[in-house]
Amino acid sequence: MANDSVRVRFAPSPTGFLHIGGGRTALFNWLYARSKGGKFILRIEDTDALRSKQEFVDEILDSLKWLKFDWDEIYYQSQRFPVYRQQAEKLLNSGKAYIEKTEGKGEAIIYKVNPQEVTVNDLIRGEIKFDTSVIKDQVLIKSDGTPTYNFACVVDDALMNITDVIRGDDHISNTPKQVLIYNALDFRVPNFAHLPLIMGTEGGRLSKRTGATAISDYRKMGYLPEALVNYLLLLSWSPGEDKEVIDISEAIRLFKITDVNKTSATFDMKKLDWMNNQYLKNEPTEKLAQQLVGILAEKGLINKEKYDKEYLANIVKLFQGRLSKVNDFADWADFFFLEEIIPDPAARAKHLNRDLSKEFKLFSERLDKLEKFDIATIEEAFRKLVAELGIEAKTLIHPVRVALTGKTIGPGLFEVIYYLGKDRAKKRLLKWAKQEGV
Ligand code: GLU
């Protein structure tokens with residue numbers, strides 16, 4: 001393998017789920033590799049046997065696959081302990097490390113820090129100078145035989161021929177310690193690129209409350225992977241010209257690591273919703289409908305085995321433009337799939353708070369008599385009725401909407417009536433016409 005071909009790695013510790021920050025680090029590594037025709041290596045840093053869990057490994061791999069960050073090679077640090085020991089012994093033999101014995105425990109191998117000025121030319125932040133005289137001697141192999149993060153990381157990055165280390169800036173303070181170890185082992189120091197911090201909308205580091213949820217949670221909430229990736233991309237990079245929605249292949253073409261922002265990024269769920277809406281709008285309706293079948297069936301709104309495909313696609317089309325999460329559809333459109341509905345109490349209190357028997361009965365009769373049942377004819381009949389009653393359209397539109405859909409917002413009322421069908425529309429109107437003291 002040629003040493004100068006780009007090789008980057010994403011190195012998650014499987015002690016938790018893959019979060020937004022990890023997703024962004026993975027993205028920038030993957031993007032860099034793909035933009036340079038290099039290799040993207042996945043390294044599972046599972047040296048901590050107590051805290052590392054297989055379920056987290058599985059979840060991280062699943063999330064990366066869902067985001068479509070394909071990797072070229074994968075390694076597990078837990079399978080490489082002899083490699084780390086061998087390198088630590090090299091340092092022992094050259095007198096750069098020593099053994100420390102602890103009563104009742106095994107022997108630890110410690111690197112004796114040789115203070116020097118370390119300068120790192122960070123691809124994003126520029127030159128960073130570190131004074132290593134404040135760094136204490138570094139444990140390489142702990143007394144239980146496991147390597148420390150800083151040591152295993154350097155050994156692997158060197159032996160795996162990693163050319164560029166792209167990671168979160170919470171690792172900046174580790175960088176000088178790692179450079180010392182590279183130098184001690186006569187390894188070539190890779191390039192470093194530290195990605196800026198991600199903050200929540202209320203300031204401060206991203207927290208669970210402000211969006212540091214697992215990538216798999218965004219998947220469950222109904223975000224499209226393409227939209228999430230596009231959003232993660234904008235967190236620290238911009239294609240320029242105020243362009244925000246950008247296809248991944250175009251991003252691969254335009255991406256330059258040196259253009260990544262130095263300043264911290266803000267994770268804003270509202271912006272993510274906007275982005276997801278941009279993608280949902282452009283999804284082929286049939287594909288989106290297909291994606292919804294499972295959720296709708298789970299909620300008992302359709303029968304997975306036999307449902308009307310064309311009807312579902314028509315309803316999806318009604319909502320597609322304003323959908324910001326796939327999963328919202330089931331809540332917004334449930335009334336189209338139910339025989340009977342129970343209006344939302346607040347909507348009922350607002351719009352079905354007076355006796356509308358007369359108006360509802362009349363409208364239901366008009367619907368019944370329609371020769372042609374299409375959107376324009378339904379609207380015409382409605383407009384004629386309110387004119388005859390001498391009332392403003394909106395005084396009837398809102399109550400009819402709540403009676404038919406149970407909600408105050410939704411697609412155009414006449415489209416709603418059309419897709420509900422004459423029978424269901426009449427039935428729902430008459431049900432309210434009969435209610436006492438509404
Ligand atoms: N396992 C480390 C982490 O998850 C990797 C840091 C690095 O990329 O060097 O933070």
Side-chain angles (χ1 to χ4, degrees), residues 6-33 38-61 63-64 67 69 71 73-81 83-84 87 118 120 122-125 128 130 138-140 142 146-182 185 187-198 205-206 212 214-215 232 236 257 260:
V6 161
R7 289 174 60 84
V8 293
R9 79 327 187 252
F10 175 54
S13 306
T15 52
F17 295 124
L18 182 67
H19 285 106
I20 287 295
R24 182 198 53 170
T25 302
L27 165 64
F28 281 78
N29 275 285
W30 179 85
L31 197 57
Y32 186 69
K39 297 275 187 263
F40 174 61
I41 287 130
L42 185 56
R43 186 168 75 224
I44 305 296
E45 302 210 321
D46 54 352
T47 56
D48 185 338
L50 279 180
R51 292 174 58 230
S52 298
K53 300 232 155 46
Q54 186 59 40
E55 62 167 299
F56 294 133
V57 175
D58 295 342
E59 195 269 354
I60 291 169
L61 299 188
S63 293
L64 292 173
L67 295 169
F69 302 156
W71 53 89
E73 296 164 27
I74 181 168
Y75 301 96
Y76 291 81
Q77 286 191 324
S78 58
Q79 294 169 1
R80 298 170 52 82
F81 284 2
V83 178
Y84 311 124
Q87 295 298 324
V118 169
V120 168
D122 193 286
L123 296 174
I124 298 170
R125 312 181 142 245
I128 316 175
F130 299 95
Q138 296 289 303
V139 178
L140 305 176
K142 297 185 227 171
T146 61
T148 55
Y149 153 69
N150 276 323
F151 186 55
C153 179
V154 169
V155 169
D156 281 345
D157 284 342
L159 298 185
M160 292 173 189
N161 288 315
I162 300 302
T163 52
D164 304 84
V165 170
I166 306 171
R167 60 185 172 195
D169 69 0
D170 46 331
H171 286 290
I172 286 189
S173 60
N174 287 319
T175 306
K177 297 175 192 164
Q178 296 182 358
V179 171
L180 291 179
I181 300 173
Y182 279 104
L185 282 167
F187 285 148
R188 194 176 82 171
V189 181
N191 297 322
F192 289 97
H194 286 97
L195 302 167
L197 193 72
I198 305 177
R205 262 180 187 266
L206 199 60
I215 296 282
L232 291 175
S236 311
I257 190 84
V260 171

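Note that ligands are numbered from 1 as they come in the structure, with each ligand's atoms numbered from 1 the same way. As the structure is a prediction and not an experimental result, all values here were calculated from the model.
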Engineer: What's the shortest distance from atom 1 (N) of ligand 1 to any protein heavy atom, and which residue and atom give it?
Structural biologist: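 The protein heavy atom lying closest is E45 OE1, 2.6 Å.
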
Engineer: Flag the pair D48 and R51 as a salt bridge only when some basic side-chain nitrogen lies within less than 4.0 angstrom of an acidic carboxylate oxygen.
Structural biologist: yes

Engineer: List ligand 1 atoms under 4.0 Å from C153, heavy atoms only on the residue side.
Structural biologist: 9 (O)

Engineer: Look at atom 5 (C) of ligand 1 and say which protein heavy atom is nearest, naming residue and atom and giving the distance to 0.1 Å.
Structural biologist: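 Its nearest protein heavy-atom neighbour is A11 O, 3.2 Å.
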
Engineer: For atom 10 (O) of ligand 1, grab the closest protein heavy atom and report residue, atom and distance to one decimal in Å.
Structural biologist: H171 NE2, 2.7 Å

Engineer: Which heavy atom in R167 sits nearest to a heavy atom in C153, and how many Å separate them?
Structural biologist: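 Taking R167 first and C153 second, the nearest heavy atoms are NH1-SG, 4.1 Å.
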
Engineer: Between the side chains of Y75 and D156, does any donor sit under 3.5 Å from an acceptor?
Structural biologist: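 The answer is no; no qualifying pair exists.
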
Engineer: Please write down residue, atom name and distance for the protein heavy atom closest to atom 9 (O) of ligand 1.
Structural biologist: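 Checking every protein heavy atom, the shortest distance to atom 9 (O) of ligand 1 gives Y149 OH, 2.5 Å.
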
Engineer: In ligand 1, which numbered atoms sit nearer than 4.0 Å to a non-hydrogen atom of R167?
Structural biologist: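 Those atoms are 7 (C), 8 (O), 9 (O).
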
Engineer: Residue-level breakdown please: for S13 versus ligand 1, do any non-hydrogen atoms fall below 4.0 Å on the side chain, on the backbone, on both, or on neither?
Structural biologist: both

Engineer: If you measure from OG1 on T163 to CZ on R188, what distance do you get to the nearest 0.5 Å?
Structural biologist: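 Atom-to-atom, T163:OG1 and R188:CZ are 7.5 Å apart.
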
Engineer: Roughly how far, to the nearest 0.5 Å, is NE2 of H171 from CZ of F192?
Structural biologist: 11.5 Å

Engineer: Quick one: which of R9, R7, R43 gives a salt bridge (Lys or Arg N to Asp or Glu O under 4.0 Å) with E73?
Structural biologist: R7

Engineer: List the closest protein heavy-atom neighbour of atom 8 (O) of ligand 1: residue, atom name, distance to the nearest 0.1 Å.
Structural biologist: R9 NH1, 2.7 Å

